[in-house]
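To keep things clear, I will list the structure first and then write my remarks on it.
Side chains are part of it too, since the values below use all heavy atoms of this structure and drop only hydrogens, waters and symmetry mates. All of these numbers come straight from a predicted model, not from anything done at the bench. All ligand and atom numbering here is 1-based and tracks the order in the structure.
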Amino acid sequence: MRKKHSRMQNQYCTFSYFYLKIKVRKEGNTMEYQTLNNGLKMPIVGFGVFRVPDKKECEESVYQAIKAGYRLIDTAEAYGNEKEVGKGIQLSGIDRKELFIVTKVNFKSYENTRETVLNSLKNLQVDYLDMVLLHWPFGNYYQAWKELEKLYEEGLIKAIGVSNFEPDQLVDLISFNKVKPAINQIETHLYCQRHKHHEWEDKYDVAHMAYAPLGQGKANEMFQEEKVVELSQKYHKTPAQILLRYNVQNGVIVIPKSIHEDRIQENINIFDFKLTEQEMNDLKALDHQQAMIGNPEDPSMVEMAMTW
Ligand code: NAD
């Protein structure tokens with residue numbers, strides 16, 4: 001069973017002007033939300049900031065994303081850009097309470113999880129985090145999880161979760177700890193759909209968050225798939241919007257990244273059309289079941305990670 005997500009009643013912006021009320025429809029970006037296993041509501045489309053090395057560009061893209069309607073921002077200690085994300089947030093002038101900020105503790109910091117989270121708070125210029133994830137299932141992630149549990153109980157973090165966890169690691173972590181991860185963030189896109197992961201996550205009420213939902217620019221053939229092109233013509237949407245919509249309709253949270261204003265807007269405007277059941281099945285059939293980026297069960301990937 002796919003998770004249900006709710007539609008917020010904020011489809012219209014209302015402006016009062018000399019007693020005249022004008023309703024302006026915000027085209028295509030009526031955000032939908034997922035309710036996590038601790039009751040917290042999370043936007044189903046967010047903004048990713050991996051590999052935005054230019055500091056000014058990072059700050060500006062976060063600002064643009066918030067302006068375009070994104071409320072979920074996904075960063076990480078390992079991206080080295082939490083400070084710029086914080087500056088972009090400040091620049092936007094948005095009320096902190098409106099945002100859902102996610103960061104991750106790098107596996108090299110698992111022995112110092114508390115200090116790392118406190119440092120993220122400082123970098124991001126906030127006094128709480130909506131979600132903190134363990135970035136990879138490497139090293140002493142049990143110790144790190146127990147520290148995240150404490151920070152969660154102290155109220156410094158509203159939800160805690162994991163990333164790149166295989167279903168067996170997820171079930172193991174859940175079986176021996178107090179707090180269940182709210183989310184598993186894993187590589188998920190048309191060519192790596194992760195249905196097996198999703199079934200296990202559903203069973204344990206862990207939400208599925210897709211990273212690299214557009215293939216990180218490494219599998220651009222997916223934009224040219226005949227079915228994707230056909231659907232993009234039918235719905236007057238871009239192939240990227242079809243790919244993102246497919247995941248969202250499967251109850252998967254997506255966090256596409258872009259530094260271009262037009263793409264930032266495009267990637268969130270996916271709420272004004274719905275793929276049919278047949279179209280969902282057609283896209284499901286295009287799965288290669290092959291991870292390109294996050295393959296932690298591959299020993300050579302673990303070896304490579306040790307050099308990061
Ligand atoms: P992505 O799939 O979001 O791809 C981003 C790339 O897609 C862009 O650089 C651009 O080349 C292209 N693109 C963006 N919008 C487009 C559009 N509308 N049309 C055509 N092309 C477009 O890849 P990502 O950035 O690796 O993943 C998204 C986010 O997930 C990251 O920014 C990061 O926050 C997170 N992430 C997490 C992990 C993890 O280990 N937990 C790993 C990688 C990424």
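With ligand atoms numbered from 1 in the order given, ligand 1 contributes 32 (O), 34 (O) to contacts under 4.0 Å with heavy atoms of V49. The ligand atoms of ligand 1 that sit less than 4.0 angstrom from a heavy atom of A240 are 17 (C), 18 (N), 19 (N). Ligand-side atoms of ligand 1 in range of E266: 17 (C), 18 (N), 19 (N), range being under 4.0 angstrom from any heavy atom. Listed by number with element, the atoms of ligand 1 under 4.0 angstrom from any heavy atom of P213 are 2 (O), 3 (O), 28 (C). Residue G48 approaches ligand 1 through these ligand atoms, each under 4.0 Å from one of its heavy atoms: 29 (C), 31 (C), 32 (O), 34 (O). Short contacts between ligand 1 and H135, defined as distances under 4.0 Å to a heavy atom of the residue, involve ligand atoms 39 (C), 40 (O), 41 (N). Each of the following atoms of ligand 1 lies closer than 4.0 Å to a heavy atom of D74: 33 (C), 34 (O), 35 (C).
Assignment of F223 to the shell around ligand 1 is supported, since a heavy atom sits closer than 4.0 Å. At least one heavy atom of N267 sits closer than 4.0 Å to an atom of ligand 1. Residue contacts with ligand 1 include K104, since one or more of its heavy atoms lies under 4.0 Å from the ligand. Not a single heavy atom of I293 sits less than 4.0 Å from an atom of ligand 1. Ligand 1 has P256 within reach: a non-hydrogen atom of the residue lies less than 4.0 Å from it.
Distances between N or O atoms of S258 and those of ligand 1 include no value under 3.5 Å. Considering both main-chain and side-chain atoms, Y79 comes within under 3.5 Å of ligand 1 through a nitrogen or oxygen pair. Below 3.5 Å of separation, one finds an N or O of Q185 facing an N or O of ligand 1. Taking distance alone, with nitrogen or oxygen atoms compared against 3.5 Å, F50 approaches ligand 1 more closely than that limit. For ligand 1, the polar-atom distance check finds an N/O of A212 within less than 3.5 Å of one of the ligand's N/O atoms.
Nearest protein neighbour of atom 44 (C) of ligand 1, counting heavy atoms only, is Y211 CD1, 3.7 Å. Atom 28 (C) of ligand 1 has as its closest protein heavy atom I255 O, 3.0 Å. Given atom 12 (C) of ligand 1, the protein heavy atom at minimum distance is R263 NH1, 4.1 Å. Protein heavy atom in closest approach to atom 40 (O) of ligand 1: N164 ND2, 2.9 Å. Atom 2 (O) of ligand 1 has as its closest protein heavy atom L214 N, 2.7 Å. Of the protein's non-hydrogen atoms, Q216 CA, 3.3 Å is the one closest to atom 4 (O) of ligand 1. Counting only heavy atoms of the protein, atom 3 (O) of ligand 1 lies nearest to K257 N, 3.0 Å.
Within the 6.0 Å centre-distance limit, the rings of F50 and Y79 are counted as a close aromatic pair.
The distance from atom CD of E226 to atom CG of L231, rounded to the nearest 0.5 Å, is 11.0 Å. Between atom CG of residue D74 and atom OG1 of residue T103 there is a gap of 8.0 Å, rounded to the nearest 0.5 Å.
Among all heavy-atom pairs drawn from Y211 and G294, the shortest one is OH-CA, 3.0 Å. Minimum heavy-atom separation, Y142 to D172: OH-OD2, 2.7 Å. Taking all atoms of both residues into account, the shortest heavy-atom contact from P137 to S163 is CD-O, 3.9 Å. Here the closest non-hydrogen pair linking L124 and T75 is CD2-CG2, 4.2 Å.
Of the heavy atoms in I259, none comes closer than 4.0 Å to ligand 1. Under 4.0 Å from ligand 1, not a single heavy atom of P239 appears.
With a 6.0 Å radius and a threshold of 12 heavy atoms from other residues, nucleotides or ligands, K234 has its NZ atom above the threshold. Shown here is Q290, whose CD atom has no more than 12 heavy atoms of other residues, nucleotides or ligands within 6.0 Å.
Residues V171 and K203 have side chains not in contact (no heavy-atom distance under 4.5 Å, counting atoms from C-beta outward).
Counting only N and O atoms by type, the side chains of S120 and E82 include a donor and acceptor under 3.5 Å apart. Under the 3.5 Å distance criterion, with hydrogens and angles disregarded, no donor-acceptor pair is assigned to the side chains of N281 and E277. Q64 and E60 form a side-chain donor-acceptor contact under 3.5 Å, judged by distance and modelled atom types alone. A side-chain N or O of E266 and one of T238 form a donor-acceptor pair less than 3.5 Å apart.
Classification of K227 and E230 as a salt-bridged pair holds, one side-chain N sitting under 4.0 Å from a carboxylate O.
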